[in-house]
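Following: one structure in structure tokens, then a few remarks.
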There are 2 protein chains.
Amino acid sequence: MPTSSQWLNDEQTPFLLIDEVRFARNVGRLATRINQLGCQLRPHLKTLRSVDAAKYILPNFHAPATVSTLAEAEAFAQAGCTDLLYAVGIVPAKLARVAELIHSGVKLHILLDTEAQAQAVIDYQKHHNVPFSVFIEIDCDDHRGGLAPQDPQILAIAQLLHDNQVALTGLMTHSGGSYNAHNSDEIRQAAEQECHAVKIAAQQLKAQGLTCPVLSVGSTPTAHFAEDLDGITEVRAGVYTTFDLVMYNLGVCQLNDIAMHVVTAVIGHNAAKNWLLVDAGWMALSRDRGTAKQHCDYGYGLVCDDMGQPLSGCHVTQVNQEHGVIELPDHLTVSQFPVGTQLRILPNHACATAAMHQSYTVLKADGSKAVWPRILGW
Amino acid sequence: MPTSSQWLNDEQTPFLLIDEVRFARNVGRLATRINQLGCQLRPHLKTLRSVDAAKYILPNFHAPATVSTLAEAEAFAQAGCTDLLYAVGIVPAKLARVAELIHSGVKLHILLDTEAQAQAVIDYQKHHNVPFSVFIEIDCDDHRGGLAPQDPQILAIAQLLHDNQVALTGLMTHSGGSYNAHNSDEIRQAAEQECHAVKIAAQQLKAQGLTCPVLSVGSTPTAHFAEDLDGITEVRAGVYTTFDLVMYNLGVCQLNDIAMHVVTAVIGHNAAKNWLLVDAGWMALSRDRGTAKQHCDYGYGLVCDDMGQPLSGCHVTQVNQEHGVIELPDHLTVSQFPVGTQLRILPNHACATAAMHQSYTVLKADGSKAVWPRILGW
């Protein structure tokens, strides 16, 4: 398994590097796990937003997937995907684009949690004769949006959709709170809470003779710690394909599972302060400080050598647009890192770091290079 | 002067909106100021990285400008720009691209602060017969890189370049520290410090019979508060064209000078908590928290109504990838903001927010629409 290759030295820095071996291993690990629990995976494609990456992540393009924008839905549909959940609350102004995708043959499911949204969907369906498919968002941990599992609004929305022949396909929840867990027990609890929330909501519907076929849960932490998915139809997760330092701090992966580095070059020294300056600022790394509140704060990323070996205690401590500052620990000195030296930075939050790049450079298992373009915009 | 227009309601959210009237006013304000001080402006184009924007910012495309990446240098050169300073420390691996631009007729100046970099430039020039033009970076406030004004390395580098027929064009400094100023007096002091630093360094060279024609200083705060630019050749500034909340907190602009909004739509409510959910997360706003350490912390941005009027006390308080949370102040309730309502967010840091978008939607002075593409990558 190569951790580097000659062509890497000739690439213009900074750039985002994906390690194919680690990436494929991460993808396989969760797929096997969810399969063994008797459940189906609906991977979230928002981390890399890449058709090339999706070829690894999805068993085939008719398999279910999740997206965070209509731009993704349109691009993945263009590439042949046929079962997509747009997992951000729908606004009426976006229904025309949804309708166009449905008319083209894509099962594109939309998400909502208010009667007003449901009414807008009903009105559009009536006027434009488009068979929408709806998920209702359930709130399992009071962290963002969605309806509490026993909120009577769930029933009201389901009844409204039913009475107007709009398909209620699923109930979905996302344990965003699991990112704040302190140990694996808390992640397991969060996983149980996700399942409990959608099951309680489904019972409420069933008691009124309303059904929906899909119960959807998931986040990368809970997907890796859930022990019982009985009664759950599908699990969603996104960042598990590359992992990152936030997931490492949560105990979901090892450092050498992280399949994403930003490759940078030393552009200067501040010898008096023992600082390296590198050409990866927040434009290449993102401004994400996801590890700031965790037990180990990696600044703007953990520094590795040009083979990807972490340099202990070596973090990117400051960033400007195109400058990063690495305050070296005492056992290292700037003279060990001449101007031009390549280093690799492990990201705090892979989704945020990937979002700063328009394409990814891939180190393939055979040492060769690939380039995966990212789907851009909204 | 329009603050909105009918077509805005039909745009797909989220998107980045530039107000042409404010933008042009900001550009004119600094140009006039620097002109009155008898100095030349070398605007930094890194905020918007847009050829269309540069048509407002530069008097003509032969005027001096600054860029933060070679991708910008190549795109602006392609558009006709002929005098560009690449203001990030050069690494040997990038010299071939620099040489190509110089051969095409562009005065592309490079930046360095070590003898090793100077030697790499000398070697490349010798082997490839390309007339490089060098700026040496001077550190005026101990905030990042560059050489202290009295550092003998400055002389050593200048002598090395001179002995090898590489043109030393300028000395440049940037008061990054001015962003941390607490009042206008501190910004004025930072401006004096910038000028002092390059003048001291220039005297050192002059004493040894070495000259360089350009003394370059600048940052948006110091450019707006400098009172005496005697002996200085040029001033650099970037974010002044749009401004942002960080600059507002510093007292460099008024709220109604900020020419950049992220336009977003309400996608849900959490009525119990009096929260709005909007479709501008960190993908549209960036993760920048530049106001966190200032006297007023705006979270991830100050919320305005659909006409751009700020809603006092109304900030984006949490962000996920495609979700923003607005915790409404007590005098507002979610029912005033139905799903689909458009809001506008003023950004903490315009450079970081612009970096999340591949093009900008422009509200022109006559109410019409323009689209400015952004130059992407490195």
Side-chain angles (χ1 to χ4, degrees), chain A residues 9-10 12-15 46 68-70 88-94 97 112-114 116-117 120 137 139 142 144-146 176 265-270 272-273 275 277 279 281-284 286-289 318 320-323 325 338-340 349 351-352 355-359 376-378, chain B residues 9-10 12-15 46 68-70 88-94 97 112-114 116-117 120 137 139 142 144-146 148 176 265-270 273 275 277 279 281-284 286-289 318 320-323 325 338-340 349 351-352 355-359 376-378:
Chain A
N9 302 321
D10 301 327
Q12 291 282 296
T13 54
F15 62 95
K46 78 182 174 71
S68 65
T69 60
L70 289 179
V88 174
I90 194 73
V91 286
K94 293 179 182 166
R97 287 168 73 190
L112 53 79
D113 63 1
T114 64
Q117 285 166 301
E137 185 169 7
D139 180 10
D142 199 28
R144 192 169 66 194
V266 175
I267 59 170
H269 297 151
N270 185 322
K273 293 181 172 173
W275 286 4
L277 281 88
D279 65 0
W282 56 251
M283 270 299 298
S286 92
R287 267 284 188 196
D288 196 282
R289 289 282 290 107
Q318 294 175 49
N320 296 114
Q321 187 157 343
E322 300 290 352
H323 294 81
V325 172
V339 168
H349 183 181
C351 304
M356 307 311 288
H357 298 261
Q358 288 80 48
S359 67
L376 303 175
W378 285 270
Chain B
N9 301 322
D10 301 327
Q12 291 283 296
T13 54
F15 63 95
K46 77 182 176 72
S68 66
T69 59
L70 289 179
V88 175
I90 194 72
V91 285
K94 292 179 183 167
R97 287 167 73 189
L112 52 80
D113 62 2
T114 64
Q117 285 166 301
E137 184 169 7
D139 179 10
D142 200 29
R144 191 169 66 194
V266 175
I267 59 170
H269 297 152
N270 185 322
K273 293 181 172 172
W275 286 3
L277 281 87
D279 65 1
W282 56 251
M283 271 298 299
S286 92
R287 267 283 188 196
D288 196 282
R289 289 282 290 108
Q318 294 175 49
N320 296 114
Q321 187 157 344
E322 301 289 354
H323 294 82
V325 172
V339 168
H349 182 181
C351 305
M356 307 311 289
H357 298 261
Q358 288 81 48
S359 68
L376 303 176
W378 286 270

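Remember, predicted model here, so these are calculated numbers, not experimental data. Below, chains carry the letters A, B, ... as their sequence lines are ordered, and counting in each starts from 1.
- Both the backbone and the side chain of B:Lys46 come within less than 4.5 Å of a heavy atom in chain A.
- Residue A:Trp378 comes nearest to B:Met356 through the heavy atom pair CH2-O, 3.7 Å, listed as atom of the first residue, atom of the second, then distance.
- With contacts defined as side-chain heavy-atom distances shorter than 4.5 Å, the pair A:Gln321/A:Trp282 qualifies.
- Interface summary for chain B: among A:Gly268, A:Ser286, A:Ser68, the most heavy-atom pairs under 4.5 angstrom belong to A:Ser68.
- For B:Gln318, the part sitting under 4.5 Å from any heavy atom of chain A is the side chain, from C-beta outward, and nothing else.
- For B:Leu277, the part sitting under 4.5 Å from any heavy atom of chain A is the side chain, from C-beta outward, and nothing else.
- Counting heavy-atom pairs under 4.5 Å between each of A:Pro92, A:Cys351, A:Ala355, A:Ala116 and chain B puts A:Cys351 at the top.
- Both the backbone and the side chain of B:Glu322 come within contact range of chain A, each with at least one heavy atom under 4.5 Å from a heavy atom of that chain.
- In terms of heavy-atom pairs under 4.5 Å with chain B, the best-connected choice from A:Arg144, A:Arg287, A:Lys94 is A:Arg144.
- In this structure, chain A has no heavy atom under 4.5 Å from any part of B:Ala148.
- For chain B, the nearby parts of A:Asp142 are the backbone and the side chain; heavy atoms of each come within less than 4.5 Å.
- Residue A:Ala272: no heavy atom, backbone or side chain, is found under 4.5 Å from chain B.
- At distances below 3.5 Å, not a single donor-acceptor pair connects side-chain atoms of A:Gln358 with backbone N or O atoms of A:Leu376.
- Interface remark: of the candidates B:Gly146, B:Ser359, B:Ala120, B:Ala284, B:Ala284 forms the most heavy-atom pairs closer than 4.5 Å to chain A.
- Interface residue B:Val325: only side-chain heavy atoms are found under 4.5 Å from chain A.
- Between A:Ala265 and B:Val91, the shortest heavy-atom distance links the atoms CB-CG1, 4.2 Å.
- In terms of heavy-atom pairs under 4.5 Å with chain B, the best-connected choice from A:Asp113, A:Thr13, A:Asp10, A:Val266 is A:Thr13.
- Remark: side-chain polar atoms of A:Asn320 are not paired, donor with acceptor, to backbone N or O of A:His323 under 3.5 angstrom.
- Residue A:Thr114 touches chain B through its side chain alone, counting heavy-atom pairs closer than 4.5 Å.
- Contact of B:Ala352 with chain A is made through backbone and side chain together, with heavy-atom distances under 4.5 Å.
- Taking chain B as the reference chain and counting heavy-atom pairs below 4.5 Å, the highest number among A:Asn270, A:Asn9, A:Val88, A:Leu70 is found for A:Val88.
- Contacts of B:Arg289 with chain A are absent, with no heavy-atom separation under 4.5 Å from either backbone or side chain.
- Contacts of B:Leu112 with chain A are absent, with no heavy-atom separation under 4.5 Å from either backbone or side chain.
- With a 4.5 angstrom heavy-atom cutoff, B:Asp288 touches chain A via backbone and side-chain atoms both.
- For B:Pro14, the parts lying under 4.5 angstrom from a heavy atom of chain A are both the backbone and the side chain.
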